[in-house]
Number of protein chains: 2
Amino acid sequence: MSDPLSTVFAALADPTRRAILAMLLEDDMAVTDVAEPFEMSLAAISKHLAVLAEAGLISREKRGRVIWCRLEPDALKQASVWMQGFGQFEPVDLDAFERFLEDELRSADAGDSPPGLCPGPRDI
Amino acid sequence: MSDPLSTVFAALADPTRRAILAMLLEDDMAVTDVAEPFEMSLAAISKHLAVLAEAGLISREKRGRVIWCRLEPDALKQASVWMQGFGQFEPVDLDAFERFLEDELRSADAGDSPPGLCPGPRDI
DNA sequence: GGCATATTCAACCATGTGGTTGATGATAGA
DNA sequence: TCTATCATCAACCACATGGTTGAATATGCC
(Lines give C-alpha, C1' and ligand atoms only; values in the text may rest on other atoms or scores of the structure.)
Protein backbone atom coordinates (compact mmCIF):
# COMPACT_ATOMS: atom_id res chain seq x y z
CA MET A 1 0.00 0.00 0.00
CA SER A 2 1.19 3.53 0.56
CA ASP A 3 -0.39 6.29 2.61
CA PRO A 4 -1.42 5.67 6.22
CA LEU A 5 -5.09 6.40 5.67
CA SER A 6 -5.34 3.86 2.90
CA THR A 7 -3.52 1.30 5.01
CA VAL A 8 -5.88 1.80 7.94
CA PHE A 9 -9.04 1.58 5.83
CA ALA A 10 -7.74 -1.46 4.00
CA ALA A 11 -7.00 -3.14 7.32
CA LEU A 12 -10.56 -2.43 8.47
CA ALA A 13 -12.06 -3.81 5.27
CA ASP A 14 -11.90 -7.39 6.48
CA PRO A 15 -14.43 -8.85 8.93
CA THR A 16 -11.88 -11.18 10.49
CA ARG A 17 -9.62 -8.26 11.29
CA ARG A 18 -12.50 -6.20 12.66
CA ALA A 19 -13.47 -9.12 14.86
CA ILE A 20 -9.90 -9.33 16.13
CA LEU A 21 -9.97 -5.64 17.01
CA ALA A 22 -13.25 -6.13 18.86
CA MET A 23 -11.70 -8.96 20.85
CA LEU A 24 -8.70 -6.81 21.72
CA LEU A 25 -11.06 -4.09 22.86
CA GLU A 26 -11.64 -6.12 26.01
CA ASP A 27 -8.09 -7.10 26.78
CA ASP A 28 -4.66 -7.82 25.38
CA MET A 29 -4.34 -11.30 23.94
CA ALA A 30 -1.71 -13.78 22.82
CA VAL A 31 -1.69 -14.74 19.16
CA THR A 32 -2.83 -18.28 19.84
CA ASP A 33 -5.76 -17.03 21.88
CA VAL A 34 -6.70 -14.54 19.18
CA ALA A 35 -6.74 -17.38 16.67
CA GLU A 36 -8.73 -19.81 18.80
CA PRO A 37 -12.32 -18.82 17.85
CA PHE A 38 -11.59 -18.60 14.14
CA GLU A 39 -11.86 -21.45 11.71
CA MET A 40 -8.67 -20.72 9.91
CA SER A 41 -5.05 -21.55 10.38
CA LEU A 42 -2.82 -19.85 12.91
CA ALA A 43 -0.65 -18.67 10.03
CA ALA A 44 -3.63 -16.88 8.50
CA ILE A 45 -4.37 -15.12 11.77
CA SER A 46 -0.71 -14.23 12.08
CA LYS A 47 -0.94 -12.56 8.69
CA HIS A 48 -4.04 -10.65 9.71
CA LEU A 49 -2.25 -9.46 12.83
CA ALA A 50 0.65 -8.33 10.68
CA VAL A 51 -1.73 -6.28 8.56
CA LEU A 52 -3.24 -4.70 11.67
CA ALA A 53 0.19 -3.95 13.07
CA GLU A 54 1.33 -2.49 9.76
CA ALA A 55 -1.64 -0.14 9.93
CA GLY A 56 -0.71 0.78 13.50
CA LEU A 57 -4.02 -0.54 14.79
CA ILE A 58 -2.34 -2.99 17.15
CA SER A 59 1.08 -3.43 18.66
CA ARG A 60 2.79 -6.72 19.37
CA GLU A 61 5.13 -7.33 22.28
CA LYS A 62 7.03 -10.53 22.82
CA ARG A 63 7.19 -11.73 26.40
CA GLY A 64 8.80 -15.10 26.67
CA ARG A 65 7.65 -17.19 23.77
CA VAL A 66 4.25 -15.51 23.71
CA ILE A 67 3.48 -12.45 21.65
CA TRP A 68 0.91 -10.17 23.20
CA CYS A 69 -1.34 -8.10 20.98
CA ARG A 70 -2.68 -4.77 22.17
CA LEU A 71 -5.22 -2.48 20.57
CA GLU A 72 -3.82 0.91 19.52
CA PRO A 73 -6.91 3.06 19.05
CA ASP A 74 -4.96 6.19 18.18
CA ALA A 75 -4.35 4.82 14.72
CA LEU A 76 -8.06 5.23 14.09
CA LYS A 77 -8.07 8.88 14.93
CA GLN A 78 -7.01 10.27 11.58
CA ALA A 79 -9.42 7.97 9.79
CA SER A 80 -12.19 8.90 12.17
CA VAL A 81 -11.62 12.59 11.62
CA TRP A 82 -11.74 11.98 7.90
CA MET A 83 -15.06 10.18 8.13
CA GLN A 84 -16.62 12.62 10.52
CA GLY A 85 -15.95 15.36 8.04
CA PHE A 86 -18.13 13.64 5.50
CA GLY A 87 -20.86 12.40 7.70
CA GLN A 88 -21.57 15.47 9.78
CA PHE A 89 -23.21 13.02 12.13
CA GLU A 90 -24.60 13.78 15.50
CA PRO A 91 -22.14 13.92 18.40
CA VAL A 92 -20.22 10.84 19.37
CA ASP A 93 -22.53 8.19 20.70
CA LEU A 94 -20.69 5.32 22.30
CA ASP A 95 -23.97 3.72 23.26
CA ALA A 96 -24.73 3.44 19.57
CA PHE A 97 -21.56 1.46 19.14
CA GLU A 98 -22.42 -0.95 21.91
CA ARG A 99 -25.89 -1.47 20.50
CA PHE A 100 -24.34 -2.03 17.12
CA LEU A 101 -21.96 -4.68 18.40
CA GLU A 102 -24.79 -6.36 20.32
CA ASP A 103 -26.99 -6.48 17.25
CA GLU A 104 -24.19 -7.90 15.19
CA LEU A 105 -23.47 -10.61 17.73
CA ARG A 106 -27.12 -11.45 18.18
CA SER A 107 -27.78 -11.86 14.50
CA ALA A 108 -24.64 -13.94 14.15
CA ASP A 109 -25.70 -16.16 17.06
CA ALA A 110 -28.82 -17.11 15.19
CA GLY A 111 -26.59 -18.76 12.67
CA ASP A 112 -23.69 -20.93 13.64
CA SER A 113 -22.73 -21.01 17.25
CA PRO A 114 -23.84 -22.34 20.63
CA PRO A 115 -25.23 -19.55 22.80
CA GLY A 116 -23.49 -18.07 25.78
CA LEU A 117 -19.95 -18.43 24.52
CA CYS A 118 -17.46 -15.71 23.96
CA PRO A 119 -18.05 -13.51 20.92
CA GLY A 120 -15.89 -15.24 18.37
CA PRO A 121 -15.16 -14.38 14.77
CA ARG A 122 -18.44 -12.88 13.83
CA ASP A 123 -19.15 -10.24 11.28
CA ILE A 124 -18.48 -7.29 13.52
CA MET B 1 -17.03 -8.46 -1.25
CA SER B 2 -19.73 -9.33 1.23
CA ASP B 3 -20.89 -7.34 4.23
CA PRO B 4 -21.69 -3.63 3.94
CA LEU B 5 -19.09 -2.53 6.44
CA SER B 6 -16.31 -4.30 4.58
CA THR B 7 -17.52 -2.84 1.31
CA VAL B 8 -17.49 0.69 2.70
CA PHE B 9 -14.04 0.39 4.24
CA ALA B 10 -12.64 -1.20 1.09
CA ALA B 11 -14.05 1.65 -0.95
CA LEU B 12 -12.36 4.15 1.35
CA ALA B 13 -9.02 2.35 1.15
CA ASP B 14 -8.06 4.02 -2.12
CA PRO B 15 -6.76 7.59 -2.28
CA THR B 16 -8.32 8.22 -5.68
CA ARG B 17 -11.73 7.29 -4.36
CA ARG B 18 -11.27 9.41 -1.23
CA ALA B 19 -10.29 12.32 -3.43
CA ILE B 20 -13.42 11.80 -5.48
CA LEU B 21 -15.55 11.88 -2.34
CA ALA B 22 -13.84 15.08 -1.26
CA MET B 23 -14.65 16.64 -4.62
CA LEU B 24 -18.27 15.57 -4.34
CA LEU B 25 -18.41 17.13 -0.91
CA GLU B 26 -18.57 20.50 -2.61
CA ASP B 27 -21.10 19.73 -5.29
CA ASP B 28 -22.56 17.05 -7.52
CA MET B 29 -20.45 16.36 -10.58
CA ALA B 30 -20.66 14.67 -13.95
CA VAL B 31 -18.41 11.65 -14.50
CA THR B 32 -16.23 13.47 -17.02
CA ASP B 33 -15.70 16.35 -14.61
CA VAL B 34 -14.85 13.97 -11.80
CA ALA B 35 -12.24 12.37 -14.02
CA GLU B 36 -10.71 15.58 -15.29
CA PRO B 37 -8.10 16.24 -12.57
CA PHE B 38 -6.86 12.65 -12.47
CA GLU B 39 -4.11 11.26 -14.63
CA MET B 40 -5.91 8.09 -15.47
CA SER B 41 -8.42 6.99 -18.05
CA LEU B 42 -12.09 7.78 -17.88
CA ALA B 43 -12.77 4.07 -17.71
CA ALA B 44 -10.67 3.78 -14.57
CA ILE B 45 -12.60 6.61 -12.92
CA SER B 46 -15.84 5.00 -14.02
CA LYS B 47 -14.76 1.84 -12.21
CA HIS B 48 -13.91 3.81 -9.08
CA LEU B 49 -17.33 5.43 -9.20
CA ALA B 50 -18.89 2.00 -9.52
CA VAL B 51 -17.06 0.88 -6.39
CA LEU B 52 -18.24 3.96 -4.50
CA ALA B 53 -21.80 3.43 -5.69
CA GLU B 54 -21.67 -0.25 -4.74
CA ALA B 55 -20.68 0.83 -1.23
CA GLY B 56 -23.56 3.29 -1.18
CA LEU B 57 -21.17 6.21 -0.77
CA ILE B 58 -22.42 7.94 -3.89
CA SER B 59 -25.47 7.75 -6.12
CA ARG B 60 -25.53 8.24 -9.86
CA GLU B 61 -28.37 9.76 -11.80
CA LYS B 62 -28.54 9.99 -15.55
CA ARG B 63 -29.87 13.27 -16.96
CA GLY B 64 -29.58 13.38 -20.69
CA ARG B 65 -26.30 11.82 -21.67
CA VAL B 66 -24.61 13.01 -18.50
CA ILE B 67 -24.47 10.99 -15.32
CA TRP B 68 -24.43 13.08 -12.17
CA CYS B 69 -22.68 11.78 -9.10
CA ARG B 70 -23.84 12.78 -5.64
CA LEU B 71 -22.27 12.12 -2.27
CA GLU B 72 -24.36 9.90 0.02
CA PRO B 73 -22.88 10.53 3.46
CA ASP B 74 -25.33 8.27 5.27
CA ALA B 75 -23.40 5.25 4.05
CA LEU B 76 -20.57 6.34 6.30
CA LYS B 77 -22.69 6.36 9.39
CA GLN B 78 -22.43 2.70 10.30
CA ALA B 79 -18.71 2.71 9.68
CA SER B 80 -18.32 5.89 11.66
CA VAL B 81 -20.16 4.44 14.63
CA TRP B 82 -17.92 1.40 14.45
CA MET B 83 -14.78 3.49 14.51
CA GLN B 84 -15.99 5.81 17.22
CA GLY B 85 -16.49 2.83 19.47
CA PHE B 86 -12.85 1.97 19.21
CA GLY B 87 -11.40 5.40 19.29
CA GLN B 88 -13.30 6.95 22.16
CA PHE B 89 -12.10 10.17 20.69
CA GLU B 90 -13.09 13.59 21.78
CA PRO B 91 -16.42 14.88 20.49
CA VAL B 92 -16.88 15.45 16.82
CA ASP B 93 -14.62 18.19 15.60
CA LEU B 94 -15.43 19.30 12.10
CA ASP B 95 -12.75 21.95 12.27
CA ALA B 96 -10.23 19.16 12.66
CA PHE B 97 -11.44 17.71 9.42
CA GLU B 98 -11.04 20.97 7.58
CA ARG B 99 -7.55 21.46 8.97
CA PHE B 100 -6.76 17.92 7.98
CA LEU B 101 -7.91 18.46 4.42
CA GLU B 102 -5.98 21.72 4.23
CA ASP B 103 -2.81 20.10 5.49
CA GLU B 104 -3.18 17.29 3.00
CA LEU B 105 -3.65 19.69 0.13
CA ARG B 106 -0.77 21.91 1.22
CA SER B 107 1.70 19.05 1.51
CA ALA B 108 0.54 17.71 -1.81
CA ASP B 109 0.99 21.14 -3.44
CA ALA B 110 4.66 21.06 -2.59
CA GLY B 111 4.93 18.11 -4.89
CA ASP B 112 3.41 18.02 -8.30
CA SER B 113 1.04 20.76 -9.20
CA PRO B 114 0.89 24.42 -10.16
CA PRO B 115 -0.44 26.50 -7.26
CA GLY B 116 -3.81 28.12 -7.14
CA LEU B 117 -5.69 25.52 -9.11
CA CYS B 118 -8.61 23.47 -7.93
CA PRO B 119 -7.80 20.67 -5.51
CA GLY B 120 -7.36 17.75 -7.85
CA PRO B 121 -6.49 14.11 -7.14
CA ARG B 122 -4.36 14.53 -4.09
CA ASP B 123 -3.86 12.11 -1.28
CA ILE B 124 -6.84 13.17 0.74
C1' DG C 1 19.63 -32.15 26.43
C1' DG C 2 15.28 -33.05 24.62
C1' DC C 3 10.58 -32.25 23.89
C1' DA C 4 6.43 -29.46 23.52
C1' DT C 5 4.50 -24.94 22.61
C1' DA C 6 4.24 -20.34 20.25
C1' DT C 7 4.84 -17.93 16.24
C1' DT C 8 6.49 -16.91 11.85
C1' DC C 9 8.43 -18.00 7.24
C1' DA C 10 8.23 -19.75 2.55
C1' DA C 11 6.09 -21.49 -1.22
C1' DC C 12 2.05 -22.02 -3.40
C1' DC C 13 -2.82 -21.22 -5.16
C1' DA C 14 -7.25 -18.87 -6.30
C1' DT C 15 -9.30 -14.70 -6.53
C1' DG C 16 -9.70 -9.66 -6.32
C1' DT C 17 -8.07 -5.00 -7.62
C1' DG C 18 -6.50 -1.15 -10.31
C1' DG C 19 -5.06 0.06 -14.45
C1' DT C 20 -4.92 -0.08 -19.77
C1' DT C 21 -6.99 0.00 -24.62
C1' DG C 22 -10.53 -0.52 -28.06
C1' DA C 23 -15.33 -1.21 -29.04
C1' DT C 24 -20.07 -0.10 -27.95
C1' DG C 25 -24.37 2.31 -26.82
C1' DA C 26 -26.89 6.63 -25.83
C1' DT C 27 -27.81 11.24 -26.48
C1' DA C 28 -27.19 16.24 -27.90
C1' DG C 29 -26.59 19.29 -31.47
C1' DA C 30 -25.36 20.99 -36.34
C1' DT D 1 -28.97 12.28 -40.53
C1' DC D 2 -24.31 12.73 -39.31
C1' DT D 3 -21.06 13.60 -35.91
C1' DA D 4 -19.11 14.53 -31.59
C1' DT D 5 -19.56 13.64 -26.70
C1' DC D 6 -20.62 10.92 -22.33
C1' DA D 7 -20.11 6.80 -20.15
C1' DT D 8 -19.71 1.94 -19.82
C1' DC D 9 -18.32 -2.69 -21.34
C1' DA D 10 -15.04 -6.34 -22.44
C1' DA D 11 -10.76 -8.26 -22.60
C1' DC D 12 -6.47 -8.12 -20.92
C1' DC D 13 -2.34 -7.41 -17.65
C1' DA D 14 0.44 -6.94 -13.34
C1' DC D 15 0.14 -7.18 -8.76
C1' DA D 16 -2.05 -7.58 -4.06
C1' DT D 17 -4.80 -10.36 -0.88
C1' DG D 18 -6.44 -14.19 1.82
C1' DG D 19 -6.01 -18.63 2.44
C1' DT D 20 -3.41 -23.27 2.66
C1' DT D 21 0.49 -26.56 4.20
C1' DG D 22 5.01 -27.78 5.83
C1' DA D 23 9.33 -26.28 7.60
C1' DA D 24 11.88 -23.26 10.61
C1' DT D 25 12.84 -20.51 14.77
C1' DA D 26 12.41 -19.37 19.75
C1' DT D 27 11.37 -20.21 24.12
C1' DG D 28 9.74 -22.74 28.36
C1' DC D 29 9.79 -26.92 31.00
C1' DC D 30 11.05 -31.79 32.50
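Computed from heavy atoms alone, side chains included, the values below leave out hydrogens, waters and symmetry copies. Every chain is numbered from 1, with letters handed out A, B, ... down the list of sequences.
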Nearest-0.5 Å distance that lies between atom CG in B/Leu52 and atom CG in B/Leu12: 8.0 Å

Would you kindly give the [atom1]-to-[atom2] distance between [X] and [N], to the nearest whole Å?
| X | N | atom1 | atom2 | value |
| --- | --- | --- | --- | --- |
| B/Trp68 | D/dT5 | CH2 | C1' | 14 Å |
| A/Met40 | D/dG18 | CE | P | 10 Å |
| A/Glu36 | C/dT7 | CD | C1' | 17 Å |
| B/Arg60 | D/dC6 | CZ | P | 17 Å |
| B/Leu42 | D/dC9 | CG | C1' | 12 Å |
| A/Ile45 | C/dA6 | CD1 | P | 15 Å |
| A/Glu39 | D/dG18 | CD | P | 18 Å |
| A/Met29 | C/dA6 | CE | C1' | 15 Å |

Measure from the side-chain heavy atoms of [X] and tell me the nearest of [options].
| X | options | value |
| --- | --- | --- |
| B/Lys47 | D/dT8, C/dT20, D/dT20 | C/dT20 |
| B/Ala43 | D/dC9, C/dT8, D/dA7 | D/dC9 |
| A/His48 | D/dG18, D/dT20, C/dT20 | D/dG18 |
| B/Ile67 | D/dC6, D/dT8, C/dG19 | D/dT8 |

Hydrophobic cluster of A/Val51, others only, ordered by chain and residue number, side-chain cut-off 4.5 Å: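 Hydrophobic cluster check, A/Val51: no partners found.
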
Sugar-phosphate, base or nothing in reach of B/Ser41, heavy atoms under 4.0 Å: base

Nearest-nucleotide 5' precedence on DNA chain D, A/Asp14 against B/Ser46: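 This one resolves to B/Ser46.
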
Charged N-O contact under 4.0 Å between A/Glu72 and A/Arg70: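 No.
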
Presence of salt bridge, A/Asp28 and A/Arg63, under 4.0 angstrom: no

Hphob cluster co-occupancy, B/Met29 + B/Val66, side-chain heavy atoms under 4.5 angstrom: no

Note, B/Glu61 side chain near B/Cys69 side chain (heavy atom, < 4.5 Å): no

Contact state string [nucleotides 24-30 of chain D, B base, S sugar-phosphate only, - no protein heavy atom under 4.0 Å]: --SBS--

Short side-chain to backbone donor-acceptor contact, A/Ser46 and A/Leu42, under 3.5 Å: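 Side chain of A/Ser46 to backbone of A/Leu42: no pair is present.
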
